[in-house]
Each structure stands twice: as structure tokens, then as C-alpha cells.
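Read the structure below first, then the notes.
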Protein chains: 2
Amino acid sequence: MQPSNETDPSDPRQECLALGHVIDRIGDKWTVMVVGHLSTNSLRFNALMRAIPGISHRMLTLTLRGLQRDGLVKRTVFPTVPPRVDYELTKLGQSLTEPLSILAGWASREKPSIESAQREYDAENAA
Amino acid sequence: MQPSNETDPSDPRQECLALGHVIDRIGDKWTVMVVGHLSTNSLRFNALMRAIPGISHRMLTLTLRGLQRDGLVKRTVFPTVPPRVDYELTKLGQSLTEPLSILAGWASREKPSIESAQREYDAENAA
DNA sequence: CAGAATCCATCAAGATACTG
DNA sequence: CAGTATCTTGATGGATTCTG
């Protein structure tokens, strides 16, 4: 039924182009980890730092700012001394946790297969 | 039953750390797009080039090699003249399309919300 | 056609030091 | 505690050229 229109939004390929765009935002390591850790409860800045091994001060800041900008994370400042800042997922952020956990499930399920494929590939390519 | 072991694999936080690792491989724009386009049928190199706007020759090569190494894509060479190479998802690769399409669904559903949040954030931060 | 190889600009990210 | 600012480097990715 579709005429010769190349930009059919119901085309799964178009959808995957849209995904590519969003993946660029939320698809990096740190973003995924932050969302994962905030999915259960709100956390303070340093608590996130401790929870996510290897993340630098700077990257956590930038990641949180990005998530905040996308409306996925809410930042709450308590005017105490010393200052305290809580980060929690917004409703929109919560809605992301399900797709991500599905992906996480796939990742942990298929991790062995992937790693064995890598070893095989590397072995073939080593000689 | 778990002792004071901090690396409990059933902990959702541990799972999200595993995700972070895998996301680093499959979570980039081009990889997602390639998998998306291969989800319906196998494609040749240049067909993928044309299907994915903006991808460079080099990035397509590297992306495909990575997917191949992970065992997600199978490369088939036809010894014809001119040479012809088909790329198709393996079974493992097929199994990834469902989680990805769920994520893609979320992305296209929530895209308006995200963009409006961004506009709001930028407006607040512009002044 | 399907790649490999080289060159190069840019940018992302870590380390470090400073502030309210 | 929760950031911001600056610096420096190393990886990334694009353009281009060459080959079987």
C-alpha cells in the first residue's frame, strides 16, 4: 500500500535509525550503569561513584547531567552542611529500566556464547 | 546463604555491570543500525552502506568485523567476479534483535518526551 | 565489489587541582 | 560533599588511496 515513499515511519528499518540516534545518548557504558544503579533506589553522588567501579569523577558528572537533560534523572539538592544531592530516576527514567533489564538479561545469558565466539575468532586469526 | 561476598551474580547491580561491559561492544550507533538492518534479511556490503546513511566505508568494515568476532554476524564470500560478500545474523545475532527492538520501541515512543525535556533543560540553562 | 592501509583532525576521557 | 575548571593524551572516526 505504501507508495514509493522512502521514509515510511512504520518501516522497522526507520525505527532502527531512530534507535541509533537514541543509542548515541543512552547507549554508553556509564549511562547504562548509572540507570541500572538508580533503578532500585535513589543515590547520592559519592554513593554512585563507589557503586560504579572505574568511573571517574568527571564522567559521573557528565553522565548525570546528560540524563538530567534527557529528563531521565531528577536531581535534588538538600541545603544542608555539608551539601547533599540525591539522584533518582524520573518516571521516564523508570520506564527505561525494563527495556534495559531485558537487554541486560540477554547480555548475561549470552555472554558465554559471545566470549567463546571471540576466542574462536581470535584463534583463527592469530595464526 | 551468600556470605559477605560482594559479587553476588543474582544482584541486579551486578547484572547491570555485566551489561555495561557488553554495551561497550554492541551499544554503539553503527552496531545497532547494522543489526537492525540485518534483522530482516542478509545484505551485501554496499547494500548496507546505502541502507545506513552517514556510515563510512571504514566504520562499516570495523563494525562488521566486531559483530563477526562476537559471533553475531556471519560473513559469506561468493567466489564470483566481481566478488560478493553476504552478511547475515547468526542465531545468536537473531536473538539480539528482540531486546533491541524492545529498546527501539521505547526509543520511538519516548522520543517526544525526551526532546521536550531537553528543550526545557536548555531553556532553563540558557538564561 | 569488498576490502586493507595510511594519514590526520577531533574529541572524549582520565588525572589533577580548586571551590562553595 | 558535590561539584567545576583546566590540561593532556590517546583513541576514534573520516577522507583518501590502493588492491585482488
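Numbers restart at 1 for each chain; the letters A, B, ... are given by sequence-line order, proteins then strands.
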Using the 3.5 Å cut-off, write out each protein N or O paired with an N or O of nucleotides 18-20 of chain D and the distance between them.
none

Might you list the N or O atoms of the protein lying below 3.5 Å from N or O atoms in nucleotides 11-17 of chain D, with each pair's distance?
| residue | atom | partner | partner atom | Å |
| --- | --- | --- | --- | --- |
| D/dG13 | N7 | B/Arg58 | NH1 | 2.8 |
| D/dG13 | N7 | B/Arg58 | NH2 | 3.0 |
| D/dG14 | OP2 | B/Ser56 | OG | 3.1 |
| D/dG14 | O6 | B/Arg58 | NE | 3.4 |

Counting Watson-Crick and G-U wobble pairs with both distances under 3.5 Å, what is the dot-bracket string for DNA chain C, 5' to 3', using [ ] for crossing pairs and | for pairs to another strand?
||||||||||||||||||||
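No donor-acceptor pair closer than 3.5 Å links the side chain of A/Ser42 to the backbone N or O of A/Leu38. Counting only distance, with no hydrogens or angles, the side chain of B/Thr63 and the backbone of B/Met59 share a donor-acceptor pair below 3.5 Å.
A/Arg50 pairs in a side chain to side chain contact (heavy atoms under 4.5 Å, CB included) with only one of the listed residues (A/Leu48, A/Asn46, A/Ile52), which is A/Asn46. When each of A/Leu43, A/Leu64, A/Leu60, A/Leu67 is paired with A/Tyr87, the side chain to side chain contact (heavy atoms under 4.5 Å, CB included) condition holds for A/Leu64 and for no other.
In terms of heavy atoms, A/Leu89 sits closest to A/Ser39 at CD1-CA, 3.7 Å.
Applying the side chain to side chain donor-acceptor pair (under 3.5 Å) test to every pair with at least one member in residues 90-105 of chain A, sequence neighbours left out, gives these pairs: A/Ser95-B/Trp106.
Side-chain heavy atoms closer than 4.5 Å link hydrophobic residues (I, L, V, M, F, W, Y) into clusters, and following such links, even through other members, never connects A/Val34 to B/Tyr121. Under the 4.5 Å side-chain heavy-atom criterion for ILVMFWY residues, no single connected hydrophobic cluster contains both A/Leu92 and A/Ile102.
As a whole-Å value, the separation of A/Leu60 CG from C/dA13 P is 13 Å. Spacing between atom CZ of A/Phe45 and atom P of C/dG20 amounts to 18 Å, rounded to whole angstrom units. Taking atom CG on B/Leu64 and atom P on C/dC1, their separation rounds to 16 Å, with Å as the unit. Taking atom CZ on B/Arg50 and atom C1' on C/dC1, their separation rounds to 10 Å, with Å as the unit. If you measure from atom CZ of A/Arg75 to atom P of D/dA2, you get 10 Å, rounded to the nearest angstrom. At whole-Å resolution of the value, CD1 in A/Ile52 and C1' in C/dA13 are 16 Å apart.
Every residue two or more places apart in sequence or in another chain that forms a side-chain hydrogen bond (donor to acceptor under 3.5 Å, both in side chains) with B/Arg84 is listed here: B/Asp86. With sequence neighbours excluded, the residues forming a salt bridge (Lys or Arg N to Asp or Glu O under 4.0 Å) with A/Arg25 are A/Asp70, listed by chain and number.
Proximity of A/Tyr87 to the phosphate of D/dC1: no side-chain N or O atom is located under 4.0 Å from OP1 or OP2. Note on A/Arg44: a side-chain N or O is less than 4.0 Å away from OP1 or OP2 of D/dA2. OP1 or OP2 of D/dT4 sits under 4.0 Å from a side-chain N or O of A/Arg65.
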Would you please test B/Ile23 and A/Asp28 for side chain to side chain contact (heavy atoms under 4.5 Å, CB included) and show each step?
CA-CA 7 Å; B/Ile23 269 283; A/Asp28 79 295; 5.7 Å; no
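Note on A/Phe78: nothing from the nucleic acid sits closer than 4.0 angstrom, heavy atoms only.
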